[in-house]
There are 2 protein chains.
Amino acid sequence: MTRLRTQESMKDVPGSKVTPLPVSLHQACEPVACRQCGVYRLCLPLGLHGGDMTLLESVVKRKETYKRGQLLFSPGDRFDFIYAIRGGSVKTSVCTPDGRVQITGFHIAGELLGLSALASGKYSSEARALETTSVCRVEAEQLDQLAQKIPSLQYQMMKIMSGQIRRDEELMLLLGRRSAEERLAEYLLGLSRRFAARKFSPTQFNLSMSRGDIGNYLGIAEETVCRILTRFQNAGLIAIERRHVSLIDLAQLEAVGRMKPAA
Amino acid sequence: MTRLRTQESMKDVPGSKVTPLPVSLHQACEPVACRQCGVYRLCLPLGLHGGDMTLLESVVKRKETYKRGQLLFSPGDRFDFIYAIRGGSVKTSVCTPDGRVQITGFHIAGELLGLSALASGKYSSEARALETTSVCRVEAEQLDQLAQKIPSLQYQMMKIMSGQIRRDEELMLLLGRRSAEERLAEYLLGLSRRFAARKFSPTQFNLSMSRGDIGNYLGIAEETVCRILTRFQNAGLIAIERRHVSLIDLAQLEAVGRMKPAA
DNA sequence: AATACGCTTTGATCTGCATCAATGGCCGCT
DNA sequence: AGCGGCCATTGATGCAGATCAAAGCGTATT
């Protein structure tokens, strides 16, 4: 089913001025065919071949680029596109009528955005670039029509959505039942796993989101995030300086992730 | 793996003593065609007609019944069926390796279960009947194949999953950012809305789940649930006795649902 | 280079809710 | 009818983490 590429073109030619800020996963991509894109197997890890792939390519608008802080879409916007992240990172969030915000996810290369808009025809959340980010936009309607012709595409999209539901369930578990330390440990490990799946270092990476964002996502205060990160550092589990993290003792970190015996 | 009994012996059907417990939404249904089922429009509110509907009916196993406490499926079980609830209610939950449990949802008539299993081929959560509950089971594989023939079916399933993602996002918001009072107020209002959508009273209903379950779901302690319900009652927002609730002041309750000015 | 703003860190204090504890009521079972 | 277990309620206590406050730094702006 899922076969991952071993050779990844990490060495993207940044043409001219492509690295203005501390780059974590940013990759500047030329508008190449999907089959040549380093991340397409992550976007839609489907068993498409030959003609099917060409059809898929026909509905993809390649290489939109967003800078830090720019919106990809907002709640209520008409649902036009599914976004596939090629490089960079994005946060998605929902908010209460009175203005409180909950970040629902951080998304990196190879992930899809906008799926929850399918039901209502409008985006329900906001998506904002955390750093310079490039995406492929896929016309929702065309994709939909195309999916009707290509069963495996339909199937893969369902699988992706199903996976999203599963991850959301896990986040709920995190938010509902775990202590702040556990949440943070899990958070770091989760990032680590996702980076690993993309052939990036699982032990050294940059956080493209602020402490405040992390806290919001995990349902804890910004200050608590700082304190606990410091605590982890003092305990020799990680080394962290500003946005750069090194996971030093994975095993211990995992142990922290499941500490309390509780209910 | 183990192929589950496709033909459930219904010896445990209430038959004579049909209302042993306070029944909220339970409806004893005869195995009628989907188009005649009172809830099918909720299960798959799709634009199927004539022949299409007949095809759908062909993959539906009707009227499995579960008693309070019985499992529909467990994490790790092979993904064989999508479940559509006809009457009764079900809770779904996930758990950490060390045994902590998070309830991820309460499900009533017209809702689908098992969608998150699509990605991995195994159920990721546990589903347990809260009261006597009857469901339709749909062979996942057959449904999948059928969906490839009927675009609107495929589309509807995607919409349903998309809606699930959206609701999950809202629950995250609830778990991450709101006080215990707000959570409980929202919880009651959410139930109310769902009942209303099914033409049941939005202001009078029975809770099929315990205080402990509610607390778990909302990420607060059982005792806190009790205290706050009592508080609501004293404030004249609701009347509650054992499992029966009356929402008295909807407007006030909604106000509580968005009290704090916070972040 | 100087200024300013946003992010991060650390300390002090406060509080909402968990936890512990105990009692009573309802329900199903024998 | 009576027993036993589960569920619900209420009180007392403690603590994790929120909130308030303030200072240090790194980066973007002029």
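Letters A, B, ... mirror the listed sequences (proteins, then strands); counts begin at 1.
Between the C1' atom of C:dT8 and the CG atom of A:Asp213 lies a distance of 13 Å, rounded to the nearest Å. Spacing between atom CG of A:Leu229 and atom P of C:dT10 amounts to 10 Å, rounded to whole angstrom units. One interatomic measurement links the two molecules: CD of B:Glu223 to P of C:dG24, which rounds to 18 Å at whole-angstrom precision. As rounded to whole Å, 17 Å separates atom P of D:dA18 from atom CZ of B:Arg178. Note: CD (A:Glu181) to C1' (D:dG17) measures 11 Å, nearest angstrom. Here C:dT9 presents its P atom at 14 Å from CZ of A:Arg231, a figure rounded to the nearest Å. Regarding A:Glu182, its CD atom lies at a distance of 14 Å from the C1' atom of C:dA18, rounded to whole Å. Nucleotide D:dG17 holds its P atom 13 Å from the CG atom of A:Leu175, rounded to whole Å.
For A:Thr224 and B:Arg242, each mapped to the nucleotide of DNA chain D holding its nearest heavy atom, the one lying further toward the 5' end belongs to B:Arg242. Remark on DNA chain D: of its neighbouring residues B:Gly212 and A:Ile228, the 5'-side contact belongs to B:Gly212, judged by nearest-heavy-atom nucleotide.
Judged by distance alone, with hydrogens and angles left aside, the side-chain atoms of A:Gln102 form a donor-acceptor pair with the main-chain N or O of A:Tyr217 at under 3.5 Å.
When heavy atoms are screened at a 4.0 angstrom cut-off, A:Gly69 is found touching no nucleic acid atom at all. Among the heavy atoms of the strands, none lies under 4.0 Å from A:Gly215. Residue-level contact check: B:Arg183 touches neither bases nor backbone, having no heavy atom under 4.0 Å from any strand. The residue B:Ala221 sits close to a base: some heavy atom pair falls under 4.0 Å.
Side chains of A:Glu126 and A:Ser74: no donor on one and acceptor on the other come within 3.5 Å.
Under a 4.0 Å N-O distance rule, the pair A:Arg166/A:Glu170 qualifies as a salt bridge. With respect to the salt-bridge test (charged N to carboxylate O, under 4.0 angstrom), the residues B:Lys91 and B:Asp213 qualify. A salt bridge does not link B:Glu111 to B:Arg167: none of the charged nitrogens lies less than 4.0 Å from a carboxylate oxygen.
B:Arg68 contributes no side-chain N or O that forms a donor-acceptor pair with the base of C:dG28 under 3.5 Å. The base of C:dG11 is paired with the side chain of A:Arg227 by a donor and an acceptor separated by under 3.5 Å.
Residue A:Glu222 has its side chain nearest to C:dT9 when only D:dT9, D:dA18, C:dT9 are considered. You'll find that the side chain of B:Arg211 is closest to D:dT9, out of D:dT10, D:dT9, D:dC7. Among the nucleotides D:dA8, D:dA18, C:dT8, the one closest to the side chain of B:Arg243 is D:dA8.
Using cut-offs of 30° and 60° for the angle between ring planes, the B:Phe195 and B:Phe205 rings count as tilted. Using a 30° and 60° split on the angle between ring planes, B:Tyr83 and B:Tyr123 fall in the tilted class, from 30° to 60°.
Within a 6.0 Å sphere centred on CZ of A:Arg194, heavy atoms belonging to other residues, nucleotides or ligands number more than 12.
In this model, the phosphate group of C:dT10 is approached by a side-chain N or O of A:Thr230 to a distance below 4.0 Å at OP1 or OP2.
Stem regions annotated for DNA chain C: C:1-30 with D:1-30, counting only runs of 3 or more consecutive pairs of Watson-Crick or G-U type with both contacts under 3.5 Å.
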